[in-house]
Chemist: 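Please find one structure pasted underneath; my questions will follow.
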Amino acid sequence: MVKEENELVNRPDNTAFTQQRLPAWQPMLSAGIIIPGFVLIGLAFIGIGVALLITSRSIQVLELDYTGEDQDSPCFRCSDPAVRNCTCTLQFSNDRLIEGPVFFYYGLSNYFQNYRRYGVSRDDGQLYGDLSYFKEPYDQCEPYRFGGGNNQPIVPCGSIANSMFNDTFRLFQNINGQRREVPLDGKGIAWWTDYNIKFRNPTVTPLRDAFNGTVKPPFWPRPAYELDTSDPANNGFINQDFLVWMRTAALPDFRKLYRRITEGDYANGLPAGNYSLDISYNYPVMSFSGRKRVVFSNVSWMGGKNEFLGIAYLVIGTLCIVMSVVMLIVYAKFKFPEEE
Amino acid sequence: MKRNCFREETETPNQGGEKNDHLAFRELFFPAVPEKSCGVSSPPLPKKKSSSAMASREEASKVKLGPRKKKKSKKEGKTRCVHANILGEEDNDNPNRHYADNKIKTTKYTVLSFLPKNLFEQFHRFANVYFVFIALLNFVPVVNAFQPELALAPVVFILSVTAIKDLWEDYRRHRSDTEINHMDCLVYSRTERRYVEKFWKEVHVGDFIRLRCNEILPADVLLLSSSDPDRLCHIETATLDGETNLKQRQVVRSFYDLVCDFDPSKYDSVIECEKPNNDLNRFRGYIIHRSGRRDALYKDNLLLRGCTIRNTEEAVGIVIYAGQWRPLATTGPTRPSLRRCVSAGHETKAMLNNNGPRYKRSKLERQMNVDVFWCVIILLVMCSFVAVGHGVWLFQYGDKRAIFDVLSPEGTDLSPVLSAIYLFLTMIIVLQVLIPISLFVSIEIVKICQVYFIHQDAELYDEESDSHLQCRALNITEDLGQMQYIFSDKTGTLTDNKMVFRRCTVAGVEYSHDANARRLAMYQEMDSEEEECPSRGGTLPRRDSVGSHHSVKVVLRSHSTKSHRRTGSRAEAKRASILSKHTAFSSPMEKDITPDPQLMDKVNECASQMDFMRFHSQPMSQLPSDLGDIMDFFIALTLCNTVVVSSPDQPRHTVRMRFELKSPVKTFEDFIKRFTPSRLTSGSNSSSSSSLATNRSSNKGCSSLLSSPSAESTLTKLDEEAAAAVATAFSTSSPTHDGQLKNAEGADLRYEAESPDEAALVYAARAYKCSLVGRLPDQTTVDLPHLGKLNFELLHTLGFDSTRKRMSVVVKHPLTEQITVYTKGADSVIMDLIKSPNAGNSRGKRQKKIIYRTQNYLNQYAADGLRTLCIAKKVLSKEEYACWLQRHLEAETAIQGREELLFESALRLETNLQLLGATGIEDRLQDGVPETIDALRKAGLQIWVLTGDKQETAVNIAYACKLLDPEEEILTLNADSMEACSLLLEESLHYIQAKFLCGSPKAFQGDLAHFHIYPHPPPSNWSSSSHAAVHRLGLVIDGRTLAYALDRSLEDKFLAVARSCRSVLCCRSTPLQKSMVVKLVRNKLKVMTLAIGDGANDVSMIQVADVGVGISGQEGMQAVMASDFALPRFRYLQKLLLVHGHWCYSRLANMILYFFYKNAMFVALIFWYQFYCGFSGSAMIDQWYLIFFNLMFSAFPQLVTGTLDKDVSAETLQKLPQLYINGQNSEEYKPYMFWMNMIDAFYQSLICFFIPYFAYADSDVDLFTWGTPVTTIAVFTILLHLGVETKTWTWMNWLSICFSVVLFFTVALCYNASCPTCYSPSNPYWTMQRLLQDPSFYLLCLITPAVALLPRYFYRACQGTIFPSPVQVGRQLDRLTAKDSRRNISNLSGIQTAARPDPETNSKDPRRPREETERPDASLSVRIDLPPDRGVKYTKNSQEMLSIG
């Protein structure tokens, strides 16, 4: 008898877990829960959808194509790749005030920045200002890794940097025949983390010394330390336009922030009136039948103008309600379960 | 030397009764002799003994030691020489030094070999190779997609998880090895001249070991001395073969006669023996003494490692083989390939169980592999599509190279075709997730958890035996949910294999033992009261048989039927189990047999007459022959067995009845007797049956001189003794015996037998005061009424074997001095061996009558479901005996073909027997068998019973356990020839067609049609072809007919008949036939088969079936070893299949489907993206998310759901066995479901891709700021999808889902904040952080999963409410309160019962004798009229029987 406890050593533990009797919630997909549930979800979605749609409708967008494909286009002349240092002027008018702050984007279509070999063709080590990568760029940068006559390392290396967008714009408002330049704010158009953390210039002064023994990307007119001649602080890897370009777009039709219009008389937005945009047309897009455009837009709490989300919410909300009605009908027709 | 062979016989496993086939196998399974390389060909011997040693080696090499199992190099020689380690050789000179030491090592790896060896093993898995290949592909610059090091991560992770698991297992093995190596034992130390404690691992060959009671043997030891006065040592081999009975081992004969303690320092012999081999059953060798004399050693002298010493206070032996056991062959005739590794020591039973997990592939896994293959196809199609797209995309640019098109590293332009080819490889890497790397690991984890839960189920735990279900195959749990056919053994599986003596017939007179029947019934009643068994009266009345005692039998039958239901009350059983943990066969029910008063009277009368005659010195032959038969009958019951006697107060201690110790000298007569030289008196030399005794007495002393026994001396001795006995036989001491003392002793004795029916018979004999009180190898002591204790000299025991189906003992009767052979065996064989009575004289007439009557009773017993045994005897004249003995000894000493010769010798002896009587032993049904069978049948399982028993016995048991239904018609097939069999089968087919196909079609649909929750009643075509309807028919076929039916030409017909019968019963089938039947059904019908059995004869069947289940009962371990699952009781099968099987199947099926969905959905996102990135293989999902998605973000919830989800509660599943059909039809995972899931996956991925696409279209979003929301949405959708599919939400489900979400965001945030430049090329620095500040991110995360899951949710909702599947109805039942649910279920069953008149409801009084319900179905008898010229004859019994003569 003494051994009795030991005798049953193999007895399983009688716990809820081992006996698989954990308390559990069993969601029962019955009509009584589902139909009201669907109605509620539907109503909520419709509400969100309406709000989104209203917000989106309030955003004003002005979009101008300047590819110059058409003969009539002022930039037709420039679209020929043979023409160098071409400038064209785009005239447009604005019916009503675009409320500020207005964002000035350039847009490219059919441009595959997400192309795999293009997207990896960069050296984040270099861009972080690490001088060791200046001498030996990341091998994914091929074929823009070494260049120049002496096969010197390219800084910044890789396709992305090499293909940097280099059209420049100046915006004028035509007031009574007079061209009044709209001040464009080029600061803070890139991500704060890019500007401050991810991209860094080498801690060498002057900056150009850091680039000794390297060559500029082949497509670039000037080396990286001379990207912005007007503002010495906006050079090297922390050049705002460079930063924006290096953040590769997700989809082949994209736009990138060029400037913001936040200063002076235009802090409240672009007033109605006639404008002219001087474009220094450098970037070739005709080879891949791409399009170039500029976009003036203001933003809301949910970003740029996009009606899709609002419509989607509305549609799904409606669908939920329709489904609940359908289920109610089917349900009434077939049977009511034994729950009552 | 020859004499010793006598003795060896006493050890052969004997078995009486019909449980025949089991034994043939059992004998083959014995502990292995350790096998070690024996590096020494000629061990240097001390000079003084060199001559003898040389001689011995020569001798030994001459002696053929039988065929070797192991191939050995010539160098090693054929034998091993063992010297004592105390002879004084220096350590480096020790002749034993080359033998392995006793340290065991079962680990697979060493520190150094772990990594390479483990990796090598893991790469045997194709999947691992594939994933490594993908990872390596990443290192090729042209095609690489991810950071190569990162791409290695998942593969390394998977490999290391497995490696850690292996390491852990190996470590546990190491720990257990160490534990065993450090066990203590007493080893003789040469320097200290005493026994000192040493670790097991320090034991060497040649050491002397002293063993005490209950110690485990550290090595294989030759027994040299025992404290036992008979120089015996009892061992228990349970750890080796699972047999709990004691076995006797004998001291080496040269040391037999030592009176004083064995002194190792005086030992100077050399042992020459076989090399270690794996034959547990054999050991041959010689011991060579200093004098140059040799003595043979047998397996009886060897104590095997791992056995436990029992009942022996002390034993000393020398280590012969040390160390570890290597593969041990448990070869059975049907399964020569069954090999297992036995590691010594460890609780070997457990080790044995753990050692052979069998790898089967489940049906679900096979199906899954097909779909994995489809996944590969889908992957290749996707990759090709993208590759072609890329080529076309590149081609459209022509020579005008786009500015974003990157040249090859060499600066040259890649042709579109080459690019496409490279891209194809890249895409395989990018889309590799489609072939789920973690699927295999996850399935394994889930299965381990499932196995854990099955193990843990308290309802599958048997308190009596303290054992629970064992899953030995870890990877076919889900097959349990898909079974269609069950093949069951009968004895020990459906029945208890606890034999209870029920009735007997002696000399043609039947003693029905009514009181005994009532007693058995009482156990039943006690039980039902205790358990409040609701279906108390629900047992079916059983079939009647031809019988005479109608009135009596009615009562009896109801009792016996009832008694089938339970073994005994739980309390009683528990008490019994506590009292006798190790004694398998001694519950009070089996022990306390109420004697039949009539028979008791006769026994008393007989005894008193004998007493009287002895007192008056009349020859015993004058006893009336019927009384003499009764006496002989009981003596035979007592003697003709291998039962070991033990007393309970000293568990496991054999009772010794040495009269010189027990009975005090009380009378002068007694005093004289003590000094009479005859050992037939209860004198001091009582045990010496042979010249050995004389030798012993003459050779007292510590020296070990040997006797040289021979047949001649035995005979002369016998003559002398016989002469002496005449004078003394009748003066044995009965009057002096204290009756009370005897009773007290007798009641306390316990019998342990290898086969339960042996014990039952001995207990039965004890009830008639004929009790076995002691058994020694050469003598058996029997306590007879009035006569007192008599010593029967046991001359031979011819053990049971399944070919002879009988066993015999040759004894010298102490009263008549005749040499008598008692034989016990299957009635069929014994009846043939009975001497045909000479009809001339009255004695012959009597004999004839006895035979005739006995045969009648035998039929009746069989019809009552009792196991029958016949008892016969034969008296040998001295000359006959001498003649036989001569040849027998020759056979025993023969070196070649010894077994065959002994077999023939036995056949020579067992002829011309005189029938004494027959016994009927009841093999009681296990608890809950009828209910289990009923439930399993309702679950749509076809149950076939394959048994070795007789047809009548089997049919009756089948009725008792509800396998056959009195309502059913029974087709009985008995044919003598192939043609007859063919004819029978055809006729049966016609009959079935005529009766059922044209008849009421309702009969087809069985139970299920009326189960109203099925909107479309599933036709009962779980077998492959649709026309197979199951009728209310039972098929009974016997072994001989089965042999014909299994012939290639007839098997189709047989199957056609068998599948349309509700139940099939195959009687008299051999193990091979069993496996053939299973194989036939499995292969031809393409169904899932389960075989369940408990004995060695079921092993082949268990191995052939898809799932083999062993009953870990009393038949040893073979069935369990061969099985995938081992159950303590048959009734646990119900929960195992209906609940665990269902759960495992539905969980795993759902998990696998989910896995396919999940990966397809995730991968498709990238595929859609290819349309927007120039088919360039770029991914908006960061490589980290892509790679860790499967391993981390989505891994846990599915594991939890796959382990814990319950679609229906256990209670409902058991109440509604019909739900099991769900698994049989594979309804959770049909091939189309894979494609439905794929379509759903593509739909969901489209939603998850295009909603963010449109939401961010024409914005300044960058690649990963757009890709991260897509990933997040996908993770949400996938988790919520699992939520839709999860049926029960425990806190673990909630936790795991929350954990996954939190983990994803944590990883994302950490990853996006940790390093701005480390994660080239994506470097998504601060992306997630920015997204979390963006309201549209949240808006996206809200709507997209909702849209993605809406269709599925809608479908589930409709399904759940409008057209629920049976399983869903079951689930809804779960939700109702217990009361409602009961009402509901009873409603459901009520409908069912109403639809098909249930026999239970029909018979109002369940105890109503069966005749009344029986009659109607006689009219259902099958009558097939064949032209008489074919020689077909119909006999109609109580069962319908077609027999062709």
Side-chain angles (χ1 to χ4, degrees), chain A residues 1 4 7-8 10-12 14 18-20 22 24-26 28-31 34 105 111-121 124-125 128 140 142-143 159 163 193 197-198 247-253 255-257 287-288 301-304 306 308-309 312-313 316 323 330-331 334 337, chain B residues 397 400-404 406-407 409 411 453 456-458 461 463 466-468 578 581 1172-1174 1176-1178 1180 1204 1206 1251 1254-1263 1266-1267 1287-1290 1316-1317 1320-1321 1323 1325-1326 1335-1336 1339 1343 1346-1347 1354 1356-1357 1360-1362 1371-1372 1374-1375:
Chain A
M1 288 308 234
E4 197 171 354
E7 302 253 358
L8 304 173
N10 290 329
R11 179 194 281 284
N14 191 7
T18 54
Q19 300 308 312
Q20 306 194 53
L22 287 176
W25 171 62
Q26 280 181 282
M28 198 49 66
L29 299 175
S30 63
I34 288 171
Y105 300 91
Y111 190 102
F112 288 84
Q113 255 203 323
N114 55 15
Y115 184 66
R116 188 174 65 83
R117 273 187 283 148
Y118 177 86
V120 299
S121 182
D124 285 310
Y128 196 59
Q140 290 283 7
E142 291 283 7
S159 262
S163 62
T193 48
I197 298 163
K198 203 171 164 185
R247 191 155 276 276
T248 53
L251 298 166
D253 297 342
R255 59 192 189 193
K256 285 181 181 291
L257 192 55
S287 60
F288 52 90
W301 53 270
M302 52 157 293
N306 191 320
F308 172 78
L309 260 188
Y313 267 96
I316 300 305
M323 264 158 124
V330 172
Y331 203 59
F334 278 80
Chain B
Y397 290 110
K400 302 179 287 176
R401 215 172 53 77
I403 192 164
F404 47 81
V406 183
L407 294 168
F453 279 122
Q456 286 296 319
D457 192 334
Y461 168 78
E463 215 166 72
D466 185 33
S467 59
H468 52 73
I578 290 163
K581 172 107 202 281
Y1172 298 95
C1173 69
S1176 64
S1178 93
M1180 73 294 192
L1204 293 179
K1206 294 191 284 190
I1251 288 187
F1254 286 115
Y1256 282 103
D1258 194 33
S1259 71
D1260 60 345
V1261 73
D1262 72 276
L1263 184 56
W1266 182 72
K1287 282 110 194 173
T1288 48
W1289 289 77
T1290 63
T1317 57
S1320 180
N1323 281 327
Y1325 190 71
W1326 222 248
S1336 50
L1339 288 170
I1343 190 169
V1347 180
F1354 185 71
R1356 289 274 178 232
T1361 52
I1362 296 161
R1371 198 180 313 148
Q1372 281 166 5
D1374 284 350
R1375 299 251 303 173

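Predicted model, so just to flag it, every value in this text is computed and none were measured. Within every chain, numbering begins at 1; the chains are lettered A, B, ... in the order of the sequence lines, protein sequences first and strands thereafter.
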Chemist: A side-chain contact here means heavy atoms from C-beta on lying under 4.5 Å apart; do B:Phe404 and A:Ser163 qualify?
Modeler: no
Chemist: So, for B:Phe453 and A:Thr18, which heavy atoms are closest and what is the spacing to 0.1 Å?
Modeler: CD2-O, 3.5 Å
Chemist: If you count heavy-atom pairs under 4.5 Å between each of A:Leu251, A:Asn14, A:Leu257 and chain B, which one has the most?
Modeler: A:Leu251
Chemist: Is B:Tyr397 close to chain A through its backbone or its side chain, or both, or neither, when contacts mean heavy atoms under 4.5 Å?
Modeler: side chain
Chemist: So what's closer than 4.5 Å to chain B heavy atoms on A:Leu22: side chain, backbone, both or neither?
Modeler: both
Chemist: Of all the heavy-atom pairs spanning B:Gln456 and A:Gln19, show the shortest one and how long it is.
Modeler: O-NE2, 2.7 Å
Chemist: Report yes or no: does A:Tyr313 contribute a side-chain atom to a donor-acceptor pair with the main-chain N or O of B:Leu1339 at less than 3.5 Å?
Modeler: yes
Chemist: Between B:Val1261, B:Ile1343, B:Thr1288, which has the largest tally of heavy atom pairs under 4.5 Å with chain A?
Modeler: B:Ile1343
Chemist: Quick one: of A:Val120, A:Asp253, A:Ile197, who has the most non-hydrogen atom pairs under 4.5 Å with chain B?
Modeler: A:Ile197
Chemist: At a heavy-atom distance under 4.5 Å, which candidate from A:Arg247, A:Met302, A:Lys256 has the highest pair count against chain B?
Modeler: A:Arg247
Chemist: Using a cut-off of under 4.5 Å for heavy-atom pairs, which of A:Ala24, A:Ala312, A:Gly304 has the most such pairs with chain B?
Modeler: A:Ala24
Chemist: When heavy-atom pairs shorter than 4.5 Å are enumerated against chain B, which of A:Phe112, A:Trp301, A:Phe288 gives the highest number?
Modeler: A:Phe112
Chemist: Could you report the tightest heavy-atom contact between A:Tyr115 and B:Cys1173, atom names first, then the distance?
Modeler: CD1-O, 4.0 Å
Chemist: Mind listing the closest non-hydrogen atom pair of B:Thr1317 and A:Lys198 along with its distance?
Modeler: CG2-O, 4.5 Å
Chemist: At a heavy-atom separation under 4.5 Å, does B:Ala1257 approach chain A through its side chain, its backbone, both, or neither?
Modeler: backbone
Chemist: Is a side-chain donor or acceptor of A:Asn306 paired with a backbone partner of B:Ala1255 at a separation under 3.5 angstrom?
Modeler: yes
Chemist: Would you say A:Asn114's side chain and B:Ser1178's backbone share a donor-acceptor pair under 3.5 angstrom?
Modeler: no
Chemist: Quick check on the interface: out of B:Tyr1172, B:Trp1289, B:Tyr1256, who has the most heavy-atom pairs with chain A under 4.5 Å?
Modeler: B:Trp1289
Chemist: Ignoring hydrogens, what is the shortest heavy-atom contact between A:Gln20 and B:Lys1206? Give both atom names and the distance.
Modeler: O-NZ, 2.6 Å
Chemist: What part of A:Phe308 is in contact with chain B, defined as an atom under 4.5 angstrom from a non-hydrogen atom: side chain, backbone, both or neither?
Modeler: side chain
Chemist: Taking all atoms of both residues into account, what is the closest heavy-atom pair of A:Ala250 and B:Trp1266, and its distance?
Modeler: CB-CB, 3.6 Å
